[in-house]
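Beneath this line is the structure, given in structure tokens, with notes to follow.
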There are 2 protein chains.
Amino acid sequence: MTGSYLGHELARRGVAPDCAQTIELVRDVLARVGDKWTLLTITVLASGPLRFTALHEQVAGISQRMLSQTLRALTRDGLVTRTAYPQVPPRVEYALTPLGHSLSEAVDGLVHWVRDHQSDILRHRENFERADDSNGADAHGG
Amino acid sequence: MTGSYLGHELARRGVAPDCAQTIELVRDVLARVGDKWTLLTITVLASGPLRFTALHEQVAGISQRMLSQTLRALTRDGLVTRTAYPQVPPRVEYALTPLGHSLSEAVDGLVHWVRDHQSDILRHRENFERADDSNGADAHGG
DNA sequence: CTGTATCCGCTCCGATACTG
DNA sequence: CAGTATCGGAGCGGATACAG
């Protein structure tokens, strides 16, 4: 059996446009979470509110451009809040909203899954590499 | 509170390399699932084994190139199996492995989350658009 | 039927410079 | 401190042609 919610939706094919829209949104959200920087950002933010520079430090490796962009997207979806304090020098704090925390927890399920099966994935990859080699190369040892 | 597993890991900062590796893998898997075509493919496959052409029909909109590529990546990770029957014309069947089904179910958690909160996200997006507009434009009505 | 190889446009993303 | 604007390289992904 499938047991898959999304799969079930897709399996019906003749679903209402509303469902199709949901599927689009699912992929959209998943793409965002699977984004190179978004996952790191929200998980770092999950520990508490942070300023722009602090975030830049914590996520590390991210450019200002990408951080700004990522934060914007997150804010746009109501996953994080942006609070600017009218001071000098400027002080802006980013924090996960309840919705953001909620998503963070939902993602946790996947994280645990990866945790539990990472060795399987790694092993399969190695096997695949070997099989691929023996296909393309000649039989050196009979 | 965070309540976040991954967030907790990251919050520690001084984690062992093993954990860091896990995080990499998490992002890797998440990126794959969030991929433009992967999610659709695995969910379609969740309903049962399919041939290449059938898959091409079901996923619809995907090119042979991308389907082949996606399937390869999935096979590589042990998420799907590729069974070639030595016939003519060629017949190749793709099916989700237990691991693949497992992942599919793990993703379901996220799918349900999106289902439950899609209206929130949509609403926030609209609000953001409006706020953005009133920022950039002049105050027309005082 | 089941792929692979090539061309090509487009977007992503990093580096850098500049602004308030 | 907190961003935005611009340039340029690299990879994604679509259309098409070709191969077993």
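Just so you know, these numbers use all the heavy atoms, side chains as well, and skip hydrogens, waters and symmetry mates. Per chain, numbering begins at 1; letters A, B, ... match sequence-line order.
- When atom types are taken as modelled, the side chain of B/T75 and the backbone of B/L71 share a donor-acceptor pair closer than 3.5 angstrom.
- Heavy-atom nearest nucleotides on DNA chain C were determined for B/R91 and for A/P90, and the one closer to the 5' end corresponds to B/R91.
- Backbone-only engagement by A/Y94 is indicated by non-hydrogen atom pairs under 4.0 Å involving sugar-phosphate atoms exclusively.
- Residues satisfying the side-chain hydrogen bond (donor to acceptor under 3.5 Å, both in side chains) criterion with B/W113, sequence neighbours excluded, are A/S102, B/H117.
- Counting heavy atoms from C-beta on, the side chains of A/L45 and A/V80 come closer than 4.5 Å.
- In 5' to 3' order, the nucleotides of DNA chain C bounding all contacts with chain A (an atom under 4.0 Å from a heavy atom) are C/dC13 to C/dG20.
- Partners of B/H56 according to the ring-ring contact (aromatic ring centres under 6.0 Å, His included) rule, which considers only residues two or more places apart in sequence or in another chain, do not exist here.
- Taking the side chain as every heavy atom from C-beta outward, A/L40 and A/T70 never approach each other to under 4.5 Å.
- With sequence neighbours excluded, the residues forming a salt bridge (Lys or Arg N to Asp or Glu O under 4.0 Å) with B/R91 are B/E93, listed by chain and number.
- When heavy atoms are screened at a 4.0 angstrom cut-off, A/R65 is found touching base atoms of the nucleic acid.
- Residues A/L96 and A/L79 form no side-chain contact, since every pair of their non-hydrogen atoms from C-beta on lies 4.5 Å or further apart.
- First and last contacts of DNA chain D with chain A, using any nucleotide atom under 4.0 Å from a protein heavy atom and ordered 5' to 3', fall at D/dC1 to D/dT6.
- Residues passing the salt bridge (Lys or Arg N to Asp or Glu O under 4.0 Å) test with B/R51: none are found, sequence neighbours excluded.
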